[in-house]
Amino acid sequence: MPDHVAPHPHPDLAGYVLGALDPGEMAAFEQHLAGCDTCRAEVDELQGLPELMERAAPPVEVPPGLRERTFAAVERAAADGQRRGPLLRLAAVAAALVVALVGGVVVTQSGGGRGEVIELALAAQPGQTGRATVELRRVGDGVAIDMEVSGLAPNPPGSVYECWFVGPGDTLEQPNRVSAGTFTVGASGRASLRMHSAADLRRFPVMGVTLETDGGKPERTGEKILVSGPIR
């Protein structure tokens, strides 16, 4: 896990405050925290965020384009070199909040025979690029998945991106996930996917994308690229 150079925020700061890190990442950040006065001060300043989120109103259908506008604002703030210190810290937290607050929105569709649609936003992990929007529809034998990906780096030769449904406590050593399929990305950084999975969303309530070696092995071995908030 890379350290940071002031005034840039540590890449795991927002995930730590929101409790979104896996156990290994949590332990590594806490080790860093023990020797970093700047990060301890920032954690103290932001520690009220989880309680604020718990007191927020129940999920509702958000206005069209809110997710895209929020990500665009975060990217502009991160790219502004003249105001980088406070805005980068805000950008890191804002990106995590978008995933947590928008990623689990449930929208009931009233027409077209589509039934309940779950909309998710997948955000890039620290040091990665890209994002994705997903619509999940529960069908008789599982989940129908429509996914739009943008901003991903083209996958290197001999590799593929893999989409997962992830359960609690998942680690490389003790995996708790189900693959939903693989895909590739070209120079445009975009992909439109339609997949189907038999995953139980109650057991695997998070979606993620990793970069994997295209060697036919079903287990995850690559790094995390995109991650959603919990499916509600």
Given side-chain hydrogen bond (donor to acceptor under 3.5 Å, both in side chains), test Q125 with E223 step by step and report yes or no.
CA-CA 10 Å; Q125 291 295 278; E223 57 187 337; over 6 Å; no
Shortest non-hydrogen separation from [X] to [Y] and the atoms involved:
X: C163; Y: M147; value: SG-SD, 4.0 Å
X: G130; Y: A124; value: O-CB, 3.3 Å
X: G151; Y: T129; value: O-OG1, 3.2 Å
X: L172; Y: P175; value: O-CD, 3.8 Å
X: S228; Y: L122; value: CB-CD1, 3.7 Å
X: I145; Y: S197; value: CD1-CB, 4.0 Å

Side chain to side chain contact (heavy atoms under 4.5 Å, CB included) evaluation trace for R138 with L201
CA-CA 9 Å; R138 291 186 175 93; L201 300 185; 3.8 Å; yes
Derivation of the side chain to side chain contact (heavy atoms under 4.5 Å, CB included) call for F165 and M207:
CA-CA 5 Å; F165 287 99; M207 288 193 73; 3.5 Å; yes
Kindly compute the distance separating [atom1] ([X]) from [atom2] ([Y]), expressed to the nearest 0.5 Å.
X: Q128; Y: I225; atom1: CD; atom2: CD1; value: 3.5 Å
X: T182; Y: L211; atom1: OG1; atom2: CG; value: 11.5 Å
X: R194; Y: E148; atom1: CZ; atom2: CD; value: 9.5 Å
X: R177; Y: T171; atom1: CZ; atom2: OG1; value: 9.0 Å
X: T213; Y: E162; atom1: OG1; atom2: CD; value: 11.0 Å

Derivation of the side chain to side chain contact (heavy atoms under 4.5 Å, CB included) call for L152 and L226:
CA-CA 9 Å; L152 279 184; L226 307 177; 4.2 Å; yes
What is the ring orientation for Y161 with F183, classed by angle as parallel under 30°, tilted 30 to 60°, or perpendicular over 60°?
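Correct class here is parallel.
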If hydrophobic clusters are built from ILVMFWY residues whose side chains come within less than 4.5 Å, do V143 and M195 share one?
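Yes: a chain of side-chain contacts under 4.5 Å links V143 to M195.
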Test of understanding: clusters of I, L, V, M, F, W, Y form through side-chain heavy atoms closer than 4.5 Å, transitively. Do V149 and V160 belong to the same one?
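Shared cluster, no.
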Taking the side chain from [X] and the backbone from [Y], do they hold a donor-acceptor pair closer than 3.5 Å?
X: N155; Y: T184; value: no
X: R131; Y: S150; value: no
X: E212; Y: G222; value: yes
X: D170; Y: N176; value: yes

When you look at CZ of R190, are more than 12 heavy atoms from neighbouring residues, nucleotides or ligands closer to it than 6.0 Å?
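Open.
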Looking at K224 and E25, is there a salt bridge between them, counting it only when a charged N and a carboxylate O are closer than 4.0 Å?
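A salt bridge is present here (some side-chain N lies under 4.0 Å from a carboxylate O).
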